[in-house]
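Notes to accompany the following structure.
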Amino acid sequence: MKSLKPQLILVLLGWLLIMPSLKAQEKLYPPRLALKTNLLYWATTTPNLSIEYAFSDHLSLDVAGSYNPWLLSSKEKNKKLKHWTVQPELRLWTCEKYNGGFFGVHAHYGRFNAGGIKLPFRIWKGLADYRYEGYLTGAGISYGYQWYLSPRWNLEAVISLGYAYIHYKEYECRHCGEYRGKDHSHYFGPTKMGVSIVYLF
C-alpha cells in the first residue's frame, strides 16, 4: 500500500494540471452551431429541422424549416394540412449564446394546401368546410429560453407574435372540388410556438 501513495499523488497532481487547460479549451472553443427539432410540430405530423449559427457571444441566426406532405384521410374526404415553411430569425441573447433568454426578429414564407381541418381558437373558420391553396409571408418578434441539459444537449422554448399576408384560392373540400374563387387575408397573432430539443456542435 505504501508504494501506491507516490503514484496516487502523481495522478492527482497531473489531474490538477490538466483541469485548467481543459476549462480554458472549453472557453476557447464554445459551440457555434446548433441543430434542433420542434416537438410541437411533430405532434401535428409535421417533420421539421432548424439550424442555428452564432456569430458572437450574443448574436445568432436561426433558420427553421418544416414540411408536411401527408393526406390525413381518404381522397374523398380530402382532409389535409399539407404545407412547407421557412423562417429565418436573428436572435439577441441576454446572457450568452445557447444559454438563457433571447429576443428574436423573424421573417416567414410558406405554401399550403389544406382543408377539412378545425384549427383551435377558430383561427381560420372556413378551413373546416373548404380547401385552400396558396402562400403566406410576413414577419414577427420572438422571445425564448434555452436550458442546459448536458454539454451537447439543450432544451428550448419559444413563442413568436407577428403578421402574415395570406393569398389563397378556395375550393370545395372534396377531392377535385369546384373552384370558388381567390382572395387574401391579413393575420395578426402567434406565428411560432416551439419546444425543441437542441444538439450543440
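Numbering starts at 1 and runs along the sequence shown.
- Hydrophobic clustering of Ile, Leu, Val, Met, Phe, Trp and Tyr side chains at less than 4.5 Å, counting indirect connections, keeps Leu136 apart from Val105.
- The OH atom of Tyr145 sits 8.0 Å away from atom SG of Cys95, with the distance rounded to the nearest 0.5 Å.
- The backbone N or O of Gly101 sits less than 3.5 Å from a side-chain atom of Thr94, completing a donor-acceptor pair.
- Closest approach of Val158 and Ser142 over heavy atoms only: CG2-CB, 4.0 Å.
- Within the 3.5 Å criterion, the main-chain N or O of Lys80 finds no donor-acceptor partner in the side chain of Asn78.
- Contact of the Leu61 side chain with the Phe55 side chain is registered, since non-hydrogen atoms from C-beta on lie closer than 4.5 Å.
- Leu35 and Trp153 fall within a single hydrophobic cluster, where Ile, Leu, Val, Met, Phe, Trp and Tyr are joined by side-chain heavy atoms under 4.5 Å apart, directly or via other members.
- Each of Glu156, Gln87, Lys36, His106 was compared with Asp62 under the side-chain contact (heavy atoms from CB on, under 4.5 Å) criterion, and only Lys36 meets it.
- Here Leu59 contributes atom CG and Lys97 contributes atom NZ; the two are 11.0 Å apart, rounded to the nearest 0.5 Å.
- For the pair His83 (side chain) and Leu81 (backbone), a donor-acceptor distance under 3.5 Å is present.
- Between the side chain of Asn38 and the backbone N or O of Met193, at least one donor-acceptor pair lies under 3.5 Å.
- Ring geometry for His186 against Tyr163 counts as parallel: the plane angle stays under 30°, on a 0 to 90° scale with 60° as the upper cut.
- Between Glu89 and Lys192 there is no salt bridge, since none of the side-chain N atoms of the basic residue sits less than 4.0 Å from a carboxylate O of the acidic one.
- Of all the heavy atoms in Ser50 and Ala64, the pair that sits closest is OG-CB, 3.1 Å.
- Taking OH of Tyr98 as the start and CG of Leu33 as the end, the distance is 6.0 Å to the nearest 0.5 Å.
- Residues Tyr165 and Leu127 are members of separate hydrophobic clusters, defined by side-chain heavy-atom contacts under 4.5 angstrom among Ile, Leu, Val, Met, Phe, Trp and Tyr.
- Side-chain contact between Leu39 and Ser196 is absent, with no heavy-atom pair separated by less than 4.5 Å.
- Looking at every heavy atom in both residues, Tyr132 comes nearest to Phe112 through O-CD1, 3.6 Å.
- Rounding to the nearest 0.5 angstrom, the gap separating the CG atom in Leu92 from the CZ atom in Phe102 is 11.0 Å.
- For the residue pair Ser66 and Thr46, the shortest heavy atom distance occurs at CB-CG2, 3.7 Å.
- The side-chain contact (heavy atoms from CB on, under 4.5 Å) search around Trp42 returns Thr37, Pro47, Asn48, not counting sequence neighbours.
- A distance-only check finds no donor-acceptor pair linking the side chain of His184 to the backbone of Ile166 [under 3.5 Å].
- Looking only at distances, no side-chain donor or acceptor of Arg32 sits under 3.5 Å from a matching main-chain atom of Tyr53.
- The cluster map of Ile, Leu, Val, Met, Phe, Trp and Tyr, joined by side-chain heavy atoms under 4.5 Å apart, puts Val198 and Tyr148 in different clusters.
- Looking at Arg131 and Glu133, a side-chain N of the basic residue comes within less than 4.0 Å of a carboxylate O on the acidic one, giving a salt bridge.
- Annotation for Gly100 and Trp93: closest pair O-CZ3, 3.6 Å, computed over non-hydrogen atoms.
- With sequence neighbours excluded, the residues satisfying side-chain contact (heavy atoms from CB on, under 4.5 Å) with Arg111 are Trp84, Tyr109, Tyr135.
- Contact check for Leu72 versus Thr45: side-chain heavy atoms found under the 4.5 Å cut-off.
- The minimum heavy-atom distance between Gly116 and Lys79, with the atom names listed, is O-CG, 3.4 Å.
- Leu40 and Trp70 fall into different hydrophobic clusters, where Ile, Leu, Val, Met, Phe, Trp and Tyr side chains are chained together by heavy-atom contacts under 4.5 Å.
- In this structure Tyr171 satisfies the ring pair (Phe, Tyr, Trp, His ring centres under 6.0 Å) test together with Tyr179, sequence neighbours excluded.
- In the model, Thr191 has no side-chain atom that pairs as donor or acceptor with a side-chain atom of His108 under 3.5 Å.
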